[in-house]
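Only heavy atoms go into these numbers, but all of them, side chains included; no hydrogens, no water, no symmetry mates.
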Amino acid sequence: MSSHRHHRHHEHHNSHRLGWLRASVLGANDGIVSVSSLVLGVAAGQADAKSVLLAGIAGLVAGALSMAAGEYVSVSSQSDTERADLEMEQREIEAHPEAEHAELKGIYIERGLDAQLAGQVASQLMAHDALGAHARDELGLSDTTAARPLQAALASAASFVAGAAVPLIVVLIVSRAAVLPAVSISVLLALMVLGGLSARAGGAPMFKSAARVTLWGAIAMGITAAAGLLFGVTV
């Protein structure tokens, strides 16, 4: 027996990470950008070092809680919609099995199967798990993409705190005079790393992702710092 028969082909896909990866990247990006923007805005307004730090800590706490609550509510709404769609589909399968079979058969024909084979596939899949077949092929739902509210909320809050910690640590270790350049440089570097890591985890091009995250983060920080300088914000 030839050795190639013993070789098993493995493919590493990243779609199973979509839920927590999206929430984590969003949380970390928001933590870095929003807290650093707040710190830069307050610092540009000539506030003292203590006020800058307190503003950053307040932004971290409020932002983490807001991210967690927002993700939970948003993803819960998605989960409710998915559940309602599945319940409706189950009723349709029970009430009109022939029509649902024809619908599934039509989907497989559109994907390239001939009519006879499409009918056989639809029959066998519906006999095995009718709701599962319609959920995947008609509604586009699967365990991989299913909404998980608590997971999304925790991932968002934890990653927000991790991102927000970057400018706060810088504020703690540098002098008041160096806050603006030190926070700006460290945050841009952190955004580049975040973009690269998220791209690596998701199997996307690293340079493009890092550049996109860094560009928009820089724009947000620049606008906020300019506002603080323009209005002379003090705390």
Side-chain angles (χ1 to χ4, degrees), residues 16-45 47-83 145-174 176 179-180 182-184 186-198 201-202 209 212-228 231 233-235:
H16 63 284
R17 301 172 177 170
L18 287 177
W20 66 262
L21 181 60
R22 182 198 65 82
S24 297
V25 171
L26 179 62
N29 184 77
D30 200 14
I32 293 172
V33 173
S34 61
V35 173
S36 62
S37 296
L38 178 61
V39 166
L40 290 173
V42 174
D48 58 37
K50 182 180 179 181
S51 296
V52 172
L53 181 60
L54 288 176
I57 293 173
L60 181 150
V61 174
L65 294 176
S66 176
M67 284 291 294
E71 278 292 305
Y72 188 84
V73 171
S74 175
V75 180
S76 292
S77 297
Q78 178 186 340
S79 181
D80 291 343
T81 301
E82 291 174 358
R83 189 177 303 110
T145 58
R148 295 179 175 85
L150 186 57
Q151 181 191 64
L154 293 175
S156 293
S159 56
F160 185 97
V161 171
V166 173
L168 289 185
I169 291 172
V170 174
V171 170
L172 281 172
I173 64 177
V174 303
R176 171 63 185 85
V179 164
L180 286 174
V183 168
S184 299
S186 62
V187 164
L188 289 176
L189 291 174
L191 287 172
M192 291 176 63
V193 172
L194 173 64
L197 290 176
S198 64
S209 178
R212 181 172 58 234
V213 170
T214 306
L215 173 64
W216 288 105
I219 291 172
M221 289 189 301
I223 292 174
T224 309
F231 295 108
V233 178
T234 57
V235 184

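With sequence neighbours excluded, the residues satisfying side-chain contact (heavy atoms from CB on, under 4.5 Å) with N29 are V33, L191, L194, V213. By the side-chain contact (heavy atoms from CB on, under 4.5 Å) test, L154 is found to be paired with L150, residues two or more places apart in sequence or in another chain being considered. Residues that satisfy the side-chain contact (heavy atoms from CB on, under 4.5 Å) test with L65, not counting sequence neighbours, are V61. Legend: residues meeting side-chain contact (heavy atoms from CB on, under 4.5 Å) with V170, ordered by chain and number and at least two apart, are V174, A182, V183, S186.
Across every non-hydrogen atom of V35 and G56, the tightest pair is CG1-O, 3.8 Å. Contact detail for A152 and E71: the closest heavy-atom pair is CB-OE1, 3.6 Å. Residue P167 comes nearest to V187 through the heavy atom pair CB-CG2, 4.2 Å, listed as atom of the first residue, atom of the second, then distance. The minimum heavy-atom distance linking L180 with A43 is given by the pair CD2-CB, 4.0 Å. Across all non-hydrogen atoms, the minimal contact from L40 to S184 is CD2-OG, 3.8 Å.
Considering only heavy atoms from C-beta on, L188 stays 4.5 Å or farther from M192 through its side chain. In this structure, R176 and D48 have side chains that are not in contact, with every pair of non-hydrogen atoms separated by 4.5 Å or more.
Under 3.5 Å, the side chains of S77 and D80 contain no donor-acceptor pair of N or O atoms.
Expressed to the nearest 0.5 Å, how far OG1 of T214 lies from CD1 of I219 amounts to 11.0 Å. To the nearest 0.5 Å, atom CD1 of residue I32 and atom OG of residue S36 are 7.5 Å apart.
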Report all side-chain donor-acceptor pairs from residues 157-166 shorter than 3.5 Å, counting only partners two or more places apart or in another chain.
residue : atom : partner : partner atom : Å
S159    : OG   : S24     : O            : 3.1
S159    : OG   : A28     : N            : 3.4
S159    : OG   : A155    : O            : 2.6
S159    : OG   : S156    : O            : 3.1

Query - Chi angles and distances behind the side-chain contact (heavy atoms from CB on, under 4.5 Å) call for L189, V193 - result: CA-CA 6 Å; L189 291 174; V193 172; 5.6 Å; no
